[in-house]
Enquirer: 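Mind having a look at this structure? Questions to follow.
Only heavy atoms go into these numbers, but all of them, side chains included; no hydrogens, no water, no symmetry mates. Each chain gets a letter, A, B and so on, in the order its sequence line appears, and its residues count up from 1.
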Number of protein chains: 2
Amino acid sequence: MDKILVQDFLYVYVASMNEMTPLPLWQRVGEDIIARIVSGDLKPGVMLPSETDLGAEMGVSQGTARRALAELERRGIVERRQGRGTVVATTTPDSDHFHFFRLRDAKGSEVTPVLEVETVEKRRSTAAEREAFGEDVRQVYAIDRLRSINGKRIVRESSVIPVTLFAALETRAPLPNALYAFYQQAYGIAIQRADERLRAVSADAADAAAMDVETGDPMIEVTRRAIDLSERVVEIRCSRYVTDDLAYAVTLR
Amino acid sequence: MDKILVQDFLYVYVASMNEMTPLPLWQRVGEDIIARIVSGDLKPGVMLPSETDLGAEMGVSQGTARRALAELERRGIVERRQGRGTVVATTTPDSDHFHFFRLRDAKGSEVTPVLEVETVEKRRSTAAEREAFGEDVRQVYAIDRLRSINGKRIVRESSVIPVTLFAALETRAPLPNALYAFYQQAYGIAIQRADERLRAVSADAADAAAMDVETGDPMIEVTRRAIDLSERVVEIRCSRYVTDDLAYAVTLR
DNA sequence: CAGTGGTCTAGACCACTCC
DNA sequence: GAGTGGTCTAGACCACTGC
């Protein structure tokens, strides 16, 4: 009886804002867990209740709680291990760096980029940045980085993030190698996915001055928008790669 | 009792070739369906048995058959619709072309490439092609295509496929715009995924002669290996794009 | 050993599609 | 109305983990 009441309540609740289409219970449970993570109530590495307990808390069966957790695992939001339990996904600095870093060597193996130069600047946002972040974002941090791989300077990255989301970033210097793990640990902002656009460009004078490349050489320019669990654009990144020895690798399905 | 026998049988069967680790029943059911598709027993667009019937055929419960079908749907191998049924995924010529075609315009919308020139050649395989296809592949078809987008010739593709898999391809001319749908319909070869490597290159004399680009202009070169449901490399494709007006778009998760 | 997730079953009810 | 997939439940048993 209790469960039926919950279900009816959810129906009314969701219908009021979503054209009479109630969300399935398992999705509600999943959204609820995501909300807890976003709010900081559940932090990365923290163990979640068991399927049985979670179901009891939410007033659903163990099977429904299980389906919610399975979906969160598929999305990489939690990690589950038989006999151990379910924890909020922890993207370690090492593994995280490679999660969205697509450069691979000729054999397809991961490469280890070394941070060479970093500058952090606080400035007013550009119109394009406001278009992406929202019009209310007037100030941003710009993090410019230069990386070398196998001793050659071939990666230039420029990350832009809103000041409102990353308060007092300048006091955090030096920033760690892997920014996304840092965003999560220091600010509770978890990157869910990244949309990238790749174009071919010619190395300009600034590229030639900073990297092991000559003006006019072909390079790949990647423009990325990183989206967090709340579906906000939280970072815009523009990277320029010299792909003489490396390639951008991706699998399409 | 019957079901227990089936389960024990599967255990022994799989254990003999897989280090005592039996595959879950739902995976066995899924693999069985894939095998039927690969063998041509089930063709694209054909309706599968209902969950209940499939479970009965395989000696598993409806829930287990359901899980197998859900996984196949997630992998894009079948399409399911409430009230209608489950059919083997049909990649229509139109939709298929965009499945692995990542070029998007400035707004991120799909673009419609127009086939301008096509040549098909039968020749001996190169060492690199044998490395990808297997050493026994001595002959290949090379399909060279030139495409225009919005009236500008900016895409050059070269697809290489083994003669053994695509018998008498030369009699099929002219080939349709979307090769992967054609592979599936004419040869029963379904592309499951594609691994791509992107590099920046400078347009060479051949690019300048064939496309609306000048020698030395930066271009993106994409080297693709297409893998079918049997996990074979069935096509190697090298594409060169001019990205003045378009970008290669991808979402990382 | 207790507790966890992983698999599998059986059955209920609902929503959608098509005849 | 018959048949389909979608959701949800309840309960069984197994495999793995850690104390």
Side-chain angles (χ1 to χ4, degrees), chain A residues 1-11 14-15 18-31 33 46-74 77-89, chain B residues 1-11 14-15 18-31 33 46-74 77-89:
Chain A
M1 172 167 44
D2 188 15
K3 287 153 198 163
I4 293 179
L5 278 176
V6 169
Q7 206 161 353
D8 282 348
F9 166 71
L10 292 176
Y11 187 99
V14 177
N18 198 4
E19 298 159 355
M20 309 297 282
T21 311
L23 278 183
L25 279 183
W26 63 267
Q27 273 187 40
R28 292 278 315 165
V29 173
E31 294 298 324
I33 295 170
V46 167
M47 187 138 149
L48 271 67
S50 72
E51 296 175 353
T52 313
D53 293 350
L54 190 63
E57 285 180 27
M58 304 277 200
V60 301
S61 75
Q62 170 269 345
T64 301
R66 175 178 183 73
R67 177 153 185 194
L69 291 171
E71 177 66 11
L72 294 183
E73 182 185 35
R74 198 188 64 75
I77 295 173
V78 302
E79 293 168 2
R80 316 191 73 201
R81 285 260 280 280
Q82 192 176 60
R84 189 172 301 182
T86 303
V87 298
V88 180
Chain B
M1 173 166 48
D2 189 15
K3 287 151 198 164
I4 293 181
L5 279 175
V6 170
Q7 206 162 354
D8 283 348
F9 165 73
L10 292 177
Y11 187 98
V14 177
N18 197 3
E19 299 161 354
M20 309 296 283
T21 311
L23 279 183
L25 278 183
W26 64 267
Q27 273 186 40
R28 295 276 314 163
V29 174
E31 294 298 325
I33 295 170
V46 167
M47 185 137 148
L48 270 66
S50 71
E51 297 175 353
T52 313
D53 293 350
L54 190 63
E57 284 179 27
M58 304 277 199
V60 301
S61 75
Q62 171 268 344
T64 301
R66 175 176 183 73
R67 176 153 185 193
L69 291 171
E71 178 67 11
L72 293 184
E73 183 185 35
R74 198 188 63 76
I77 295 174
V78 302
E79 293 168 2
R80 317 191 73 200
R81 286 260 279 279
Q82 192 176 60
R84 188 170 304 182
T86 304
V87 298
V88 180

Enquirer: Holding to side-chain hydrogen bond (donor to acceptor under 3.5 Å, both in side chains), I want the full list of residues that pass it with A:Glu31, two or more places apart in sequence or in another chain.
Expert: none
Enquirer: For A:Glu73, enumerate each residue passing the side-chain hydrogen bond (donor to acceptor under 3.5 Å, both in side chains) test, keeping only those at least two apart in sequence or located in another chain.
Expert: none
Enquirer: According to side-chain contact (heavy atoms from CB on, under 4.5 Å), who are the partners of A:Arg84, at least two apart in sequence or on a separate chain?
Expert: A:Arg81
Enquirer: In whole angstrom, what separates A:Glu71's CD from D:dT7's P?
Expert: 11 Å
Enquirer: Please write out each protein N/O paired with an N/O of nucleotides 4-6 of chain D under 3.5 Å, distance rounded to 0.1 Å.
Expert:
from	atom 1	to	atom 2	distance (Å)
D:dT4	O2	B:Gly83	N	3.2
D:dG5	OP1	B:Thr86	OG1	3.1
D:dG5	OP2	B:Glu51	N	3.0
D:dG5	N2	B:Gln82	NE2	2.9
D:dG6	OP2	B:Arg66	NH1	3.1
D:dG6	OP2	B:Arg66	NH2	3.1
D:dG6	OP2	B:Arg80	NH1	3.0
D:dG6	O4'	B:Gln82	NE2	2.9

Enquirer: Output the rounded distance in Å from CG (A:Leu54) to P (D:dT9).
Expert: 12 Å
Enquirer: Could I get the full list of side-chain hydrogen bond (donor to acceptor under 3.5 Å, both in side chains) partners for B:Arg67, not counting sequence neighbours?
Expert: none
Enquirer: With sequence neighbours excluded, tell me which residues meet side-chain contact (heavy atoms from CB on, under 4.5 Å) with A:Gln27.
Expert: A:Leu23, A:Pro24
Enquirer: Would you kindly give the CZ-to-P distance between B:Arg28 and C:dC8, to the nearest whole Å?
Expert: 11 Å
